[in-house]
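Order of the sequence lines sets the chain letters (A, B, ...), proteins ahead of strands, with each chain counted from 1. Keep in mind that this is a model prediction, so the values were computed, not measured.
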There are 2 protein chains.
Amino acid sequence: MEEQTRFRLSKQRKVILEELRKVTTHPTADEVYDMVRKIMPRISLGTVYRNLEFLCSQGLARKVGPAGAQKRFDGNATPHAHIRCRVCHRVADVPVHLEAPMLAPEDCMGFEIEECNIEFEGICPDCQRKTC
Amino acid sequence: MEEQTRFRLSKQRKVILEELRKVTTHPTADEVYDMVRKIMPRISLGTVYRNLEFLCSQGLARKVGPAGAQKRFDGNATPHAHIRCRVCHRVADVPVHLEAPMLAPEDCMGFEIEECNIEFEGICPDCQRKTC
DNA sequence: TTGATTGCAAACTATTTGCAGAAAG
DNA sequence: CTTTCTGCAAATAGTTTGCAATCAA
């Protein structure tokens, strides 16, 4: 009854993961493409996208920042925490004030920090019902 | 020497802000478009985008989640905090472990929470130099 | 052998922009 | 009046997808 998919370790997939692991720069897909192309000049951007997606689905890599392509807007301009649904990408306000963690100056990597965004991720009531 | 721009309060701008303030749903640009079109059927999507951008620049609204259009990928799959540059959108790892804040069950709005992302926002050393 | 994976190109989605005319101040 | 702002449509940016060929197991 279970549909067990078999994964293969193509050269492309191997190199993409290796290159991604070499850096801590959190590259975009086209930056990964550039990195990998130095080793495999004929790789396609589509393959890079497919494999990054695959690696994330396997827990071998992560997307930085929230899922969902579209930007969302908040008429409440005072900073506050959000909860985002993993499934439908809906965003709700956290109804309590959370103290933003402070970073010691030596942990700021030279950044001039202006604010801290706290975003919980989970599954909203509606989507919990649908997923059974 | 200062170039002082004068802003106008067009009907469109007024309605967009009013509608955005009526809801706590954190709508996408096209959801705002739908809301506003019920009042001004001839408004264009471009105007909605331009005004949302404008309202954010004036501090009257906010974008939810990080700036920068492209997704970024992290070869380090263990959850950890990030710092993102407001100017160049570069992302760095926070070098210390931060305890994720806990949310009391009654503050979860029915969401089943799976994780918490902490992202600082600021200006990276390179961009500080350029901005003078 | 066979089904997952690739390269390629076209399609798609979200957002931005140029321009001529409308309207706020 | 002047200059910002709008509607429209076309352009751009980022990502996804269909397909025939290729390749890992």
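Under a hydrophobic-cluster definition in which Ile, Leu, Val, Met, Phe, Trp and Tyr are linked whenever side-chain heavy atoms come within less than 4.5 Å, directly or via other members, V15(B) and L55(B) are assigned to the same cluster. There is no path of hydrophobic side-chain contacts, each under 4.5 Å, that joins I39(A) to V23(A). V36(B) is connected to F54(B) through a chain of hydrophobic side-chain contacts under 4.5 Å among Ile, Leu, Val, Met, Phe, Trp and Tyr, so both are in one cluster.
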Distances for protein N or O near nucleotides 18-22 of chain C N or O, under 3.5 Å:
from, atom 1, to, atom 2, distance (Å)
dG18(C), O6, R50(B), NH1, 3.3

Give me the distances for all protein-to-nucleotides 9-11 of chain D N/O pairs that come in under 3.5 Å?
none

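We find that NZ of K11(B) is positioned 20 Å from P of dT4(D), with the value rounded to whole Å. For the pair R13(A) CZ and dT22(D) C1', the interatomic distance rounds to 15 Å; values are reported in whole Å. Between F54(B) atom CZ and dT4(D) atom P there is a gap of 12 Å when expressed in whole angstrom units. Atom NE2 of H89(A) and atom C1' of dA14(C) are 15 Å apart (whole Å). Across the protein-nucleic acid pair, F7(B) atom CZ and dC5(D) atom C1' stand 12 Å apart, rounded to whole Å. As a whole-Å value, the separation of L52(A) CG from dT16(D) C1' is 13 Å. The CD-P distance, from E53(B) to dT6(D), rounds to 14 Å in whole Å. Whole-Å rounding puts the K63(B) NZ to dA14(C) C1' distance at 13 Å.
Within residues 22-45 of chain B, the residues having any heavy atom closer than 4.0 Å to DNA chain C are, in order of number, L45(B). Taken residue by residue, residues 65-75 of chain A places heavy atoms nearer than 4.0 Å to DNA chain C at Q70(A), K71(A).
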Let's go through M109(A) and D93(B) carefully: what are the C-alpha distance in whole Å and the side-chain angles of both, what is the deciding distance for side-chain contact (heavy atoms from CB on, under 4.5 Å) to 0.1 Å, and is it a yes or a no?
CA-CA 9 Å; M109(A) 332 273 304; D93(B) 290 323; over 6 Å; no
Check the pair E114(A), I123(B) against side-chain contact (heavy atoms from CB on, under 4.5 Å), reporting the backbone distance first and the verdict last.
CA-CA 8 Å; E114(A) 297 183 352; I123(B) 302 180; 3.5 Å; yes
Which is it for T24(B) and N76(A) under the side-chain contact (heavy atoms from CB on, under 4.5 Å) test, yes or no, and what are the steps along the way?
CA-CA 8 Å; T24(B) 58; N76(A) 173 6; over 6 Å; no
Worked verdict on L17(A) versus R21(A) for side-chain contact (heavy atoms from CB on, under 4.5 Å):
CA-CA 6 Å; L17(A) 182 56; R21(A) 287 202 163 150; 3.9 Å; yes
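Residue Q12(B) has a polar side-chain atom (N or O) positioned under 4.0 Å from OP1 or OP2 of dG7(D). Close to dT16(D), at under 4.0 Å from its OP1 or OP2, lies no side-chain N or O of Y49(A).
Remark: K63(A) engages E53(A) in a salt bridge, criterion side-chain N to carboxylate O under 4.0 Å. Of the charged side-chain nitrogens involved, at least one lies within less than 4.0 Å of a carboxylate oxygen, so that E18(A) and K14(A) count as a salt-bridged pair.
For S10(B), taking side-chain heavy atoms from C-beta onward, the closest of the listed nucleotides dG7(C), dT15(C), dT6(D) is dT6(D).
Residues satisfying the side-chain contact (heavy atoms from CB on, under 4.5 Å) criterion with L103(A), sequence neighbours excluded, are D107(A), C108(A), I113(A), I83(B), V94(B), V96(B), L98(B), F120(B).
Using modelled atom types and a 3.5 Å distance limit, the side chains of E121(A) and N117(B) yield a donor-acceptor pair.
Residue pairs meeting the ring-ring contact (aromatic ring centres under 6.0 Å, His included) criterion with at least one member in residues 22-52 of chain B, sequence neighbours excluded: H82(A)-H26(B).
Between the side chain of E19(A) and the backbone N or O of I16(A), no donor-acceptor pair lies under 3.5 Å.
With F73(A) as the aromatic partner, R62(B) does not meet the cation-pi criteria of under 6.0 angstrom to the ring centre and within 45 degrees of the ring axis.
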